[in-house]
Protein chains: 2
Amino acid sequence: MSGDALVEVLSALANPIRLRILGTLANGRDYVSSLARVVGISRPLLHMHLQRLEAAGLVVGTLELSADGKAMKFFELAAIDLHLTADTLAAAARTLSSDPATGTAGGPHREEKQ
Amino acid sequence: MSGDALVEVLSALANPIRLRILGTLANGRDYVSSLARVVGISRPLLHMHLQRLEAAGLVVGTLELSADGKAMKFFELAAIDLHLTADTLAAAARTLSSDPATGTAGGPHREEKQ
DNA sequence: TTCACCTGTAAGACTTCTCTGACACATGAA
DNA sequence: TTCATGTGTCAGAGAAGTCTTACAGGTGAA
């Protein structure tokens, strides 16, 4: 995993509500409104946190139709297996796109300053 | 590790500069001013990031006197070994102090609303 | 129609994080 | 003294994250 991707995953995990969402989904998949009630937060707020978790690849959402025809979006845990040590962190740091020392911003096709 | 401590560690790790600081310290201990030059950021900024890393227990700082009598603060990596899986994350989530469902804020001696 | 459930999103307020620039203090060497 | 090195800290600006409220749309059942 690249350093940039690792930062995104770690910042997605570094939040009590999102950790609680993952802990709830560890018991099984659930749809948005139900999950909001279980976790105890508003649905728009949960929606924002789920977006963050999905962008980091920690959960996977699937839009399905229930038996009575209602559209329901189910979320489930993605496979998570991160081993963080000094070595793995250092290796990830070497692949970071942003570089304060040279001013590399990380975007594609960047021109170097003369 | 408690859920609260895990969130602190993860949020400390979830930053490109702090990841780069850890990657640099993986090569050996260094003092603040030198580290700032290597990483390529200002000393006050590095100071802030080191505070964050030290608070999370990821680095250890030691104030020492150099041969010519100058006070120098050396930092080195702490032992880091975090294994993140669905199970370990769920276990950490269960020990979180804040609880949106019941309104528990997490502070000590908190009075419940009547 | 009206209600209860489901979905998504946008605006604004508020808080936290990040970063720069300036300050104060110490030492040894020229 | 002046310069170069080291330490720490503060104030403010700007960016990013967090959360609430309000709106929009959909279905099936009473």
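For the pair A:Leu45 CG and C:dG12 P, the computed distance is 19 Å after rounding to whole Å. The distance between atom CG of B:Leu46 and atom P of C:dT20, rounded to the nearest whole Å, is 12 Å. Nucleotide C:dC19 holds its P atom 15 Å from the CD atom of B:Gln51, rounded to whole Å. Rounded to whole angstrom, the span from the CD1 atom of B:Ile41 across to the P atom of C:dT20 amounts to 8 Å. Computed from coordinates, the B:His49 NE2 to C:dT18 P distance equals 6 Å when rounded to whole Å. Look at CD on B:Glu64: it is 18 Å from P on C:dT27, rounded to the nearest Å.
Taken from CG in A:Leu58 to CD in A:Glu54, the straight-line distance is 10.5 Å, to the nearest 0.5 Å. Between the CG atom in B:Leu50 and the CZ atom in B:Arg43 there is a gap of 11.5 Å [rounded to 0.5 Å]. The CG atom of B:Leu82 sits 5.0 Å away from atom CE of B:Met1, with the distance rounded to the nearest 0.5 Å. Here the CG-CG distance, from A:Leu13 to A:Leu22, works out to 6.5 Å after rounding to the nearest 0.5 Å. With values rounded to the nearest 0.5 angstrom, B:Leu10 atom CG is found 7.5 Å from A:Leu19 atom CG.
For the OP1/OP2 pair of C:dT20 and a distance below 4.0 Å, the side-chain nitrogens and oxygens of B:Ser42 include at least one atom meeting the criterion. In terms of phosphate contacts, A:Lys73 brings a side-chain nitrogen or oxygen within less than 4.0 Å of OP1 or OP2 of C:dG8.
Within a heavy-atom distance below 4.0 Å of DNA chain C, the residues of residues 13-33 of chain A found are A:Tyr31, A:Val32, A:Ser33.
The nucleotide range of DNA chain D contacted by chain B, defined by atoms under 4.0 angstrom from heavy atoms of the protein and reported 5' to 3', is D:dT5 to D:dT9.
Heavy atoms of A:His47 sit under 4.0 angstrom from at least one base atom. Contacts of A:Arg52 with the nucleic acid, taken as non-hydrogen atoms under 4.0 Å apart, involve only primed sugar atoms and P, OP1 or OP2.
Checked for salt-bridge contact, A:Glu64 and A:Arg29 meet the test: a charged N lies under 4.0 Å from a carboxylate O.
Between the side chains of B:Ser2 and B:Asp4, not a single donor N or O lies within less than 3.5 Å of an accepting N or O.
Taking the nucleotide of DNA chain D with the nearest heavy atom to each of A:Asp68 and A:Arg43, the more 5' of the two is matched to A:Arg43.
Across every non-hydrogen atom of B:His83 and B:Thr88, the tightest pair is O-OG1, 3.2 Å.
Within the hydrophobic cluster formed by Ile, Leu, Val, Met, Phe, Trp and Tyr side chains joined at under 4.5 Å, directly or through other members, A:Tyr31 is accompanied by A:Met72, A:Phe74.
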